[in-house]
Student: 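To start, I am sharing the structure in question, which I have written as structure tokens.
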Number of protein chains: 2
Amino acid sequence: MPQHMALKGDLELHARIKPLVELYGAEWVSAARDLDTWPNARASARLRIRRDGARQARKLYSPAVLADERDRQVLREMAAQGIQVRISATPLPQGTVFIDRRTMFLTGPETAPSSPHGPRHRTYTMSAEPALVSGAYALFEAAWETATDLAALSDAARPRIDAQAREVLYALGSGMTDVAAARELGMSLRTYRRRVAELLVTLGADSRFQAGMRAGELGLTRR
Amino acid sequence: MPQHMALKGDLELHARIKPLVELYGAEWVSAARDLDTWPNARASARLRIRRDGARQARKLYSPAVLADERDRQVLREMAAQGIQVRISATPLPQGTVFIDRRTMFLTGPETAPSSPHGPRHRTYTMSAEPALVSGAYALFEAAWETATDLAALSDAARPRIDAQAREVLYALGSGMTDVAAARELGMSLRTYRRRVAELLVTLGADSRFQAGMRAGELGLTRR
DNA sequence: GAGGCTATGGCACCTTGCTGCCAGAGGCAC
DNA sequence: GTGCCTCTGGCAGCAAGGTGCCATAGCCTC
């Protein structure tokens with residue numbers, strides 16, 4: 001098998017991936033823009049997990065996958081099956097799959113399908129050159145480490161912060177006194193303090209300092 | 001020129017990189033474990049910056065480079081010359097250089113030098129295959145985006161937190177009242193509040209909430 | 001309309017946090 | 001020893017935060 005070759009279409013990709021997964025596939029690591037980037041990847045990963053739970057699978061996705069509720073459900077299912085799912089803070093225009101750290105597949109540049117609803121004959125590139133694969137793998141690791149685990153983004157861990165709570169959060173973060181903040185937000189001191197108290201409950205904090213800490217850790221102060 | 005080839009030794013690497021930089025080198029993007037990963041890269045980057053300031057250079061390093069004061073000085077110099085320097089949260093075992101997004105070089109696997117102080121004949125891999133380069137570039141982007149800018153880690157931005165201040169920080173973060181925290185730390189209420197006030201100054205905060213937020217953002221609550 | 005629910009704001013009262021002032025303790029130089 | 005400096009703790013007074021209580025306003029249902 002050559003060290004490096006181009007693949008045309010999903011069928012050819014699948015034909016290349018399948019034997020690798022069956023022969024070596026101890027570890028499946030992928031970065032993808034969405035859930036459709038690696039066709040059948042989801043099904044085959046599930047199959048592998050079911051067959052022998054020990055195999056490791058890691059999937060890194062663009063933040064866009066969180067937008068759709070159905071996609072989130074699929075992600076939760078994957079996580080429940082033992083696949084490690086993380087969400088990158090930045091989009092991942094190119095998809096990458098590493099199988100057992102020795103072979104990698106990359107999606108080709110984005111091309112429009114020949115007809116709007118016709119099959120997309122995407123191209124892929126496969127490489128088994130150790131230097132290339134390990135170099136790209138190191139970059140993947142760096143992206144992986146700083147990505148957020150799906151669990152941390154789940155509904156339970158991520159407190160619900162609506163627009164008003166966010167304004168209160170911002171006011172608190174600006175260092176204003178309650179009097180100034182209430183005036184700024186056009187509400188009475190009493191109501192402002194009510195909002196702050198609710199925020200403390202939401203963040204599970206016993207003091208304002210602790211609430212600020214949580215908010216900072218959760219990145220609620222940015223964006 | 002072949003799309004993909006192996007290079008032995010720094011001289012050969014340099015011979016390959018130089019014409020690319022001179023011909024196309026509008027952008028130099030690299031990920032490295034330390035300042036020695038890309039020999040002469042520093043000098044050549046400086047040269048390019050000086051010749052035409054418009055050229056873009058980005059360098060992503062492992063956190064280990066911050067350990068040595070001399071290295072930090074070099075990083076500061078690079079930043080002062082317009083090179084964007086960021087520090088990854090995780091080690092980057094493999095070095096990677098992208099030149100103008102069309103050619104990439106990767107360090108080979110780590111090999112011990114033939115003699116302890118002899119020249120290290122490291123191997124490198126070069127590739128100009130668009131799919132490989134753009135795929136790896138996407139991974140680099142993801143790692144870059146989540147890495148911390150050197151400026152944010154500089155001495156000015158990073159407050160000095162000694163052991164005692166850290167204990168106070170921890171007490172504040174636990175949600176205790178001042179009375180309980182002072183008792184816990186074996187100091188009087190007055191002294192505890194002095195420490196808290198000093199901490200606020202250190203963090204540049206006007207309120208305890210703001211201080212907690214800063215501490216959370218700076219990751220001072222972990223480790 | 002009456003009744004009920006919810007959100008808001010004003011008030012009062014208490015707790016907590018913040019800081020200026022001063023007294024004492026400990027260390028160091030002379 | 002004296003003088004000086006720094007750190008600490010107690011006290012006092014004020015500012016700020018926290019919350020229970022109640023009145024009012026808006027809205028929905030019947």
Student: Measure from the side-chain N and O atoms of S207(B) to the backbone N and O of G175(A), and report whether any donor-acceptor pair falls under 3.5 Å.
Tutor: no

Student: Separation of Q210(A) atom CD from dG18(D) atom C1', in whole Å?
Tutor: 16 Å

Student: Return the nearest nucleotide to the side chain of S188(A); candidates are dG9(C), dG9(D), dG17(D).
Tutor: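 So the nucleotide nearest the side chain must be dG9(C).
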
Student: Between T202(A) and E198(A) (side chain of the first, backbone of the second, donor and acceptor by atom type, cut-off under 3.5 Å), is there such a pair?
Tutor: yes

Student: Output the single nucleotide from dT8(D), dG17(D), dG17(C) whose closest atom is nearest the side chain of R208(A).
Tutor: dG17(D)

Student: Taking the side chain of R194(A) as its heavy atoms from C-beta onward, which of dG10(C), dG17(D), dG9(D) lies nearest to it?
Tutor: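 The listed nucleotide nearest to R194(A)'s side chain is dG10(C).
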
Student: Let me know the distance between CG of D178(B) and P of dT19(C), rounded to the nearest Å.
Tutor: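 In whole Å, dT19(C) P and D178(B) CG are 12 Å from each other.
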
Student: It should be established whether T177(B) places a side-chain nitrogen or oxygen under 4.0 Å from OP1 or OP2 of nucleotide dT16(C).
Tutor: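 T177(B) to dT16(C) OP1/OP2: no side-chain N or O under 4.0 Å.
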
Student: How close or far is atom P of dT15(C) from atom CG of D206(A), stated in whole angstroms?
Tutor: 18 Å

Student: Where the side chain of R190(B) is concerned, which of dT8(D), dG9(D), dG18(D) is the nearest nucleotide?
Tutor: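 From the listed options, dG9(D) comes nearest.
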
Student: Between R195(B) (CZ) and dT6(D) (P), how many Å, whole number?
Tutor: 14 Å

Student: Mind calculating the distance between CG (L189(A)) and C1' (dA12(C)) to the nearest angstrom?
Tutor: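 It is 13 Å, rounded to the nearest whole Å.
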
Student: So, do Y137(B) and F98(B) have ring centers that fall under 6.0 Å from each other?
Tutor: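 Yes, the ring centres sit under 6.0 Å apart.
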
Student: In whole angstrom, what separates L200(B)'s CG from dT16(C)'s P?
Tutor: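 Answer to the nearest Å: 19 Å.
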
Student: Counting side-chain heavy atoms from C-beta on, which of dG18(D), dG9(D), dC18(C) comes nearest to V196(A)?
Tutor: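 Output: dG18(D).
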
Student: Can you check whether W144(A)'s main-chain N or O pairs, donor with acceptor, with R86(A)'s side chain at less than 3.5 Å?
Tutor: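 Side chain of R86(A) to backbone of W144(A): a pair is present.
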
Student: Is there a side chain to side chain contact (heavy atoms under 4.5 Å, CB included) between Q210(B) and L172(A) once you walk through the steps?
Tutor: CA-CA 7 Å; Q210(B) 204 177 24; L172(A) 278 169; over 6 Å; no

Student: Round to the nearest Å and state the distance from R193(B) atom CZ to dG10(D) atom C1'.
Tutor: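 In whole Å, dG10(D) C1' and R193(B) CZ are 13 Å from each other.
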
Student: When you match Y192(B) and S207(B) each to their closest nucleotide on DNA chain D, which lands nearer the 5' end?
Tutor: Y192(B)

Student: Whole angstrom is fine here: how far is it from CZ in F209(B) over to P in dA16(D)?
Tutor: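 So the two atoms are 18 Å apart, to the nearest Å.
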
